[in-house]
Protein chains: 2
Amino acid sequence: MRKTKVERQRLLKEKIEQTPFITDEHLAKTFQVSIQTIRLDRMELAIPELRERIKYVATNQWNETVKALSLDEVIGEIIDLELDKRAISILDITSDLVFSRNKIARGHHLFAQANSLAVAVINDELALTAKSEVKFRRQVIEGERVIAKAAVEGKDEKSRTIVAVHSYVDNEKVFSGVFYMYQSNENKGEKNK
Amino acid sequence: MRKTKVERQRLLKEKIEQTPFITDEHLAKTFQVSIQTIRLDRMELAIPELRERIKYVATNQWNETVKALSLDEVIGEIIDLELDKRAISILDITSDLVFSRNKIARGHHLFAQANSLAVAVINDELALTAKSEVKFRRQVIEGERVIAKAAVEGKDEKSRTIVAVHSYVDNEKVFSGVFYMYQSNENKGEKNK
DNA sequence: ACTCGTTTATGACTTGGTACTAATAGTAAT
DNA sequence: ATTACTATTAGTACCAAGTCATAAACGAGT
């Protein structure tokens, strides 16, 4: 005999989770019940119809967010560097760096490029970001090349080095930020351990 | 007079690429032509219908998701999420995330964790960081576990969503930031006509 | 025999289309 | 002016994959 309703619903839920792109018709066949039964089941389980499921998967932000960010190699290539003064790096926005739906680059990649450039420009074994203020001026699209220019601007009252970074695509500013950097050398204030 | 056919088709293609989840009806209105014209255009341009477009996006993203599941430790794991309210994620600082010399975590990883949590907490198809102010309160060392807590704080004067994120290691605050997020905010709410 | 939970059937309606045919408007060539 | 042609609009039939509501049939248990 067929399984109980509860059992079928358990399996149904599983099945839909595994292969969300399945029609009621198909489900009815695999569970050897009528389409109407499947639909009743879905209603009881509050499982939306196929099209809504597809849409959900398509628009779901979660997946995008959890998606891999190979952070270490995304920070761009340094093409010019004058220690304690200025630095320039290039970051090509590849498909890995964007939201797949709209091809817009995720913000933290631009941040990472700028931040790592700020670290690099400082002539010290150790430079750490203490604070930063950044602005994402316009979206950057897949395929664009971001040129980040960092300039050391001096020290603040706590003798942290101030680095200004401006990033451009085709001379249009897309990102700017100021980074306040700890240094180990001249600056003491050895932080905690 | 209206634009030429060629021009309209160029714009049509663009529009659909930008916002693939748009019906022919909506397109007809925005281009001030009949639905049939839009359909002729799509045929000539070999652009599939809405459902196929959604499906395409969904399947792509689904694959990404499957991939992401094996690399979920990269920007942290979301362990709690209440859309439009708050979210919590955990990031274990592994050796990949630190400066090799001193085992201190690179700033942009903390930023990435916080930023992506800010994106995730927003209940919208599209959320982008417009601006942020962050503070790195103390260094994080290899082996430590960073818990980031995001809270949606409302909207600013430009109706960007404000998300505050604070990150802790053992109840000690190591990072804090405020993110101002763009939202697309379009459909989903409208039903009546 | 009657009732209850479950299952199946049926019909009307919905969305966002495809496929096809036909009519109309506007422009250019002869 | 007539013809030719393109572009656009209109209308019909049909489809997939549903929703919603109603009704009927089945299978047991007490």
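Note that these values count all heavy atoms, side chains included, but never hydrogens, waters or copies made by symmetry. Convention: sequence-line order gives letters A, B, ...; per-chain numbering from 1.
Counting to the nearest Å, the C1' atom of dT8(C) and the CZ atom of Phe31(A) are 18 Å from each other. Rounding to whole angstrom units, CD of residue Glu52(A) and C1' of dG16(C) are separated by 13 Å. If you take CD of Glu25(B) and P of dT9(D), they are 15 Å apart, rounded to a whole angstrom. Atom-to-atom, NZ of Lys29(B) to P of dG16(C) comes out at 11 Å; the value is rounded to the nearest Å. dA24(D) atom C1' lies 14 Å from atom CG of Leu40(A), rounded to whole Å. Whole-Å rounding puts the Met43(B) CE to dC20(C) C1' distance at 10 Å. The nearest whole Å value for the distance from the CG atom in Asp41(A) to the C1' atom in dT6(C) is 10 Å. Leu50(B) has its CG atom 10 Å from the P atom of dT18(C), to the nearest Å.
Listed nucleotides dG17(C), dT8(D), dT19(D) differ in distance to Arg39(B); the shortest reach to its side chain belongs to dG17(C). Taking only side-chain atoms of Asp24(B), from C-beta outward, the nucleotide of dG18(D), dG11(D), dT18(C) with the closest atom is dT18(C). Taking every side-chain heavy atom of Gln36(A) into account, dT8(C) is the closest of dT8(C), dG17(C), dA10(D).
With hydrogens and angles ignored, a donor-acceptor pair under 3.5 angstrom links the side chain of Arg51(B) to the base of dG16(C).
Residues Leu11(B) and Phe31(B) have side chains in contact (heavy-atom distance under 4.5 Å, counting atoms from C-beta outward).
Atom CG of Leu117(A) sits about 11.0 Å away from atom CZ of Arg86(A), to the nearest 0.5 Å. With rounding to the nearest 0.5 Å, the separation of CG in Asn115(A) from CG in Leu110(A) is 12.0 Å. Within the model, atoms CD of Glu133(A) and NZ of Lys135(B) stand 8.5 Å from one another, a figure rounded to the nearest 0.5 Å.
Between Arg8(B) and dT8(D) there is a side-chain N or O to OP1 or OP2 distance below 4.0 Å. For dT9(D), one of the phosphate oxygens OP1 or OP2 lies less than 4.0 angstrom from a side-chain nitrogen or oxygen of Thr37(B).
Between Phe111(A) and Phe179(A), the ring-plane angle classifies as tilted under the 30° and 60° cut-offs.
Across all strands shown, Glu49(B) has heavy atoms under 4.0 Å from sugar-phosphate atoms exclusively, and none from any base. Across all strands shown, Ile35(A) has no heavy atoms under 4.0 Å from either base or sugar-phosphate atoms.
Mapping Ser34(B) and Arg42(A) onto DNA chain D by nearest heavy atom places Ser34(B) at the nucleotide closer to the 5' end.
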